[in-house]
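The sequence lines fix the lettering, A, B, ..., with proteins before strands; numbering per chain opens at 1.
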Amino acid sequence: MSDTIIAISMIWMFVFVYSIAGSIDFGAGYWSMKYIKHKRSKATNIANRYLSPSWEITNVFIVMVVVGLFNFFPGATYTLGTVLLLPASLILLLITIRSAFLVFSHSAAKYKNTLIMVSGISGLLVPALLILVLPITHGNFIEIVDGVERLKFARLLVSWSAYAFIAFAVSSTLFLSSLLLADYSHVSGQPEAYKIYRRDAVIGGPLNLLFAFLLILAIYREAGWLYTNIIKNWGWLLLSVLFFLVGYSALFWKSANKDLSIDGRPRFAVIGIVIQYLFASAAYGKAHLPYIVYPFVTIESGFTHPDTFRALFWSYMVSFAVLVPGFVYFWRIFMKDTRYLKQMGGGD
Amino acid sequence: MNDILMARVLFGTTMGFHVIFATLGVGIPLMILAAELFFHKTKDQEYQIMAKRWTKAFAVLLGVGIPSGTIAGVQLSLLWPGFMEVVGKVIALPFQIEIFAFFLESLFMSIYVYAADRLSPFMRIVSLSLVAVGAAASAILITNVHAFEGTPAGFRMESGKVVDVDPWAAFFNPGFLVTAEHVVYSAFMTGAFVIASVSAVKLLKKKLTGQEQSLHRKALALSLVIGGIFSIMTAFNGHTSAQELHKYQPEKLAAAEGLFKTQPNAPLTIGGYTDPVSQTVKYGIEIPGLLSFLAANRFDEVVTGLNDFPKNEWPPLFIHTLFNSMVGIGILLIVLSLIGFIWNFVTRKRSFPRWLLWMFVASGPLSLLSIEFGWIFSCTGRQPWVIYRVMTTAESATKTGNIGMLFVLFAGAYLFLAIVTVLVLRYYFKRHPLHLEYGPDTIDLS
């Protein structure tokens, strides 16, 4: 494997991890807002219990994507920085409002509902805007004026394909987060919350699949080159659909937990659906190559200095190795320790 | 205004806002760690209460500091794509390692805050130390890139192309260690003085319970000791920084001191403003020979003046005032902590007089101000370069245009967040007064 392929695969992996973790994070914020009046079910508590310790770590991943991109592909920075100035600024502002209000809501009890509402809504707008980076890299919305690339942002916002992407982002956000929260309430032994989140996931799954097909249609209409490449990876797409069926059906398998009278094996559902996304985004990522921004930047033209790449690669490996125990410890404390999961009193 | 100036204004505003939270994000964990360590040593519950309340405030500040740091990181690529292209090829390592410092800090911050009751005392201290280490490491790594801009190393530019790259040589560029120390010491100092301010404000209140008095006095003493130590260390390091400038960026030192003529026995001018027409510093106090001595520890050292550099490469002359203000505040803070120490030592009293408390109140805002002055001095003093003598700021800027509108949006958001942050902190501590923190078995003797 060449250095450029290793580098772009690492970026792809960061994007994948952030898209899953970010979806769950922003979705949990939305559910925490939606079920705020639903005191008895503790659905809001479950969402907050997940969000409070994890949002900062999720946020690091978006920095990781950005830093990884300009470190490995500095040649892409110029084009990406130029065309993304406006959308990325909007995303940053929304992320800021969202995170700040999420934290504020824990400190000002009297205004909690308003603060959670602001953070929930701005959080849902983030994935909607974030996914627009994808159609921008497909090249149709970039023009060159006086030798400088410019984004035709208004054209993007009135194109129907933008809305296909947005619909997919929002439905993924809601589907992935409801799945994970279903699993989280399942291990926490909260049948009421489990029931709610399982129901949301049951509704969300087929909708999400529908939007995924709509997305492929949008790519077909807007970016023929990408569509041709994606279809070449039909095997991966098929596997993706297959894992969707497995994961989705796990919501109806017989429960292993005798305390809960509701069906479903949410842990398997989460794993199945994550694998579904893994295959789908591998098919997409592979089809996107060699372009980072079509047709202006390829992974070859944007690549960093080979010595810098080697130094970066090894320091990534070392840093990950050093941090793994930290992540494991974190996981055990917040995702497995029943003392944390079962103390449902205050909620946060 | 042209686009480049607009881009600088927008990025400067972002950094000016973020640096407040970033500095406190490095300084306050050290104070929490100190309080936590004192608690384990003395078993005095008040230190635990301090740690708990400072952690709460810290968490709120992080809620703004983390996203504003994200903005700063992304805006670098958005506003300075030309610069980031070189960064990506040459000085990518610190950014990359910083991500992991960031991970370390946020993992253990969550563990310390949300799992406090399930951790053993030893693990609490370990977690908190890792938070402090992670925070300081992120500051050091970002400063690494800043130092690289002033003293670039590890590459050459050949007809617009980056060649001969040595990423580790770039990482250990000549300015790195001194600059990083400066940032970390001054952040520790600022965190301590901000807490000293809050404690002094509390102690100035008329009706205080015995508990309140005792806790705020201890907090004030702790922060004055830590603030005092680090203000002295910042000063020593500042001296080395000036010598580095003499060696690597002479025109920056010349502009900082308002020196036009290259000369041995160069005078140090305190105060005043630099007048380019008469080539003097007007209304300043001149101390003969001191600048030469500060620059190289000898009076006959020749210090290069601005006239030896082409005028279009001069840094803006107002940095003289910024430099003076930063150093002035630093000295004032050292004096202030010494007065506090001497007062305690001489009078053997546990309390400070009101006039002294008022001065302690000023210490926090003043140290934040000196941080701002220092950063503005350091970055505008490097102009017109973004990478010293390699790339100009103008060359590296985005050509997108329309930055004015973004400036309004971001500046509005920062203002709004600053106001809400203050409101939230006030609201929280009003609703959670100190006496509720004491356990039921503690008797308030007042």
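- Annotation: M123(B), atom CE; neighbour count of heavy atoms from other residues, nucleotides and ligands within 6.0 Å is above 12.
- Annotation: side chain of S315(A) is in contact with side chain of L93(B) (closest heavy-atom distance under 4.5 Å).
- To the nearest 0.5 Å, atoms OH (Y316(A)) and CD1 (I99(B)) are separated by 6.0 Å.
- Contact between D307(A) and P167(B) at its shortest, heavy atoms only, is O-CG, 3.7 Å.
- At a 4.5 Å heavy-atom cutoff, the contact between A397(B) and chain A is made by backbone atoms alone.
- Residues F70(A) and M84(B) come closest through the heavy atom pair CZ-CE, 3.1 Å.
- Contacts with chain B were tallied for A108(A), A100(A), A76(A); A108(A) has the most, counting heavy-atom pairs under 4.5 Å.
- Chain A forms more heavy-atom pairs under 4.5 Å with one residue of V165(B), D166(B), L425(B) than with any other, namely V165(B).
- With K399(B) as the fixed residue, the side-chain contact (heavy atoms from CB on, under 4.5 Å) test singles out one of V148(A), D146(A), V145(A): V148(A).
- A heavy-atom distance below 4.5 Å is found between the side chains of F104(A) and T421(B).
- For an aromatic pair to be called close, the ring centres must be under 6.0 Å apart, and F103(B) with F61(A) satisfies this.
- With T304(A) contributing its side chain and G88(B) its backbone, the two residues share a donor-acceptor pair below 3.5 Å.
- You'll find the side chain of V87(B) stays beyond 4.5 Å of the side chain of P74(A), heavy atoms only.
- With a 4.5 Å cut-off on non-hydrogen atoms, F320(A) touches chain B through its backbone and its side chain both.
- Other residues, nucleotides and ligands place more than 12 heavy atoms under 6.0 Å from the CZ atom of R156(B).
- Looking only at side-chain heavy atoms (C-beta outward), V67(A) and F102(B) stay at 4.5 Å or farther from each other.
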For this session: Test side chain to side chain contact (heavy atoms under 4.5 Å, CB included) on V90(B) and H305(A) and set out the steps.
Result: CA-CA 8 Å; V90(B) 186; H305(A) 194 279; over 6 Å; no
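- In this structure, chain B has no heavy atom under 4.5 Å from any part of F73(A).
- Using a distance-only test at 3.5 Å, with no hydrogens or angles considered, a donor-acceptor pair links the side chain of R118(B) to the main chain of I333(A).
- Of the two parts of F155(B), neither the backbone nor the side chain holds a non-hydrogen atom closer than 4.5 Å to a non-hydrogen atom of chain A.
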Exercise. Would L409(B) and S89(A) count as a side chain to side chain contact (heavy atoms under 4.5 Å, CB included) if you check the C-alpha gap in whole Å, the side-chain angles of each, and the deciding distance to 0.1 Å?
Worked result: CA-CA 9 Å; L409(B) 273 175; S89(A) 296; over 6 Å; no
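- The residue among A115(B), P81(B), A413(B) with the most heavy atom pairs within less than 4.5 Å of chain A is P81(B).
- When all heavy atoms are compared, the tightest approach of A311(A) to W168(B) is CB-NE1, 3.9 Å.
- With contacts defined as side-chain heavy-atom distances shorter than 4.5 Å, the pair V318(A)/F100(B) does not qualify.
- Side-chain contact between Q96(B) and S319(A) is present, with at least one heavy-atom pair separated by less than 4.5 Å.
- When the candidates V60(B), T398(B), I97(B) are compared by the number of heavy-atom contacts under 4.5 Å with chain A, V60(B) comes out ahead.
- Proximity to chain A (any heavy atom under 4.5 Å) is shown, for W80(B), by neither the backbone nor the side chain.
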Exercise. After noting the C-alpha distance and the side-chain angles of L62(B) and V103(A), does the key distance pass the side chain to side chain contact (heavy atoms under 4.5 Å, CB included) rule?
Worked result: CA-CA 9 Å; L62(B) 268 188; V103(A) 172; over 6 Å; no
For this session: Applying side chain to side chain contact (heavy atoms under 4.5 Å, CB included), run through L86(A) and L406(B) and close with a yes or a no.
Result: CA-CA 8 Å; L86(A) 191 60; L406(B) 290 178; 3.9 Å; yes
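- S110(B) and E56(A) get closest at one heavy-atom pair: OG-OE2, 4.5 Å.
- With rounding to the nearest 0.5 Å, the separation of CD1 in I71(B) from CD1 in I91(A) is 12.0 Å.
- I62(A) touches chain B through its side chain: at least one heavy atom from C-beta onward sits under 4.5 Å away, while N, CA, C and O do not.
- The line from OG1 of T82(A) to CG of L78(B) is 9.0 Å long, rounded to the nearest 0.5 Å.
- Using a 4.5 Å cut-off between heavy atoms, F309(A) makes no contact with chain B at all.
- The backbone N or O of K89(B) lies less than 3.5 Å from a partner atom in the side chain of T308(A), making a donor-acceptor pair.
- Between A92(B) and N71(A), the shortest heavy-atom contact is CB-OD1, 3.1 Å.
- In this structure, the side chains of F108(B) and F330(A) stay at 4.5 Å or more apart for every pair of heavy atoms.
- Chain B forms more heavy-atom pairs under 4.5 Å with one residue of L93(A), T79(A), V63(A), V66(A) than with any other, namely L93(A).
- Under a 3.5 Å cut-off, the side chain of Y427(B) and the backbone N or O of K110(A) do form a donor-acceptor pair.
- Between S99(A) and I66(B), every side-chain heavy-atom pair lies at or beyond the 4.5 Å cut-off.
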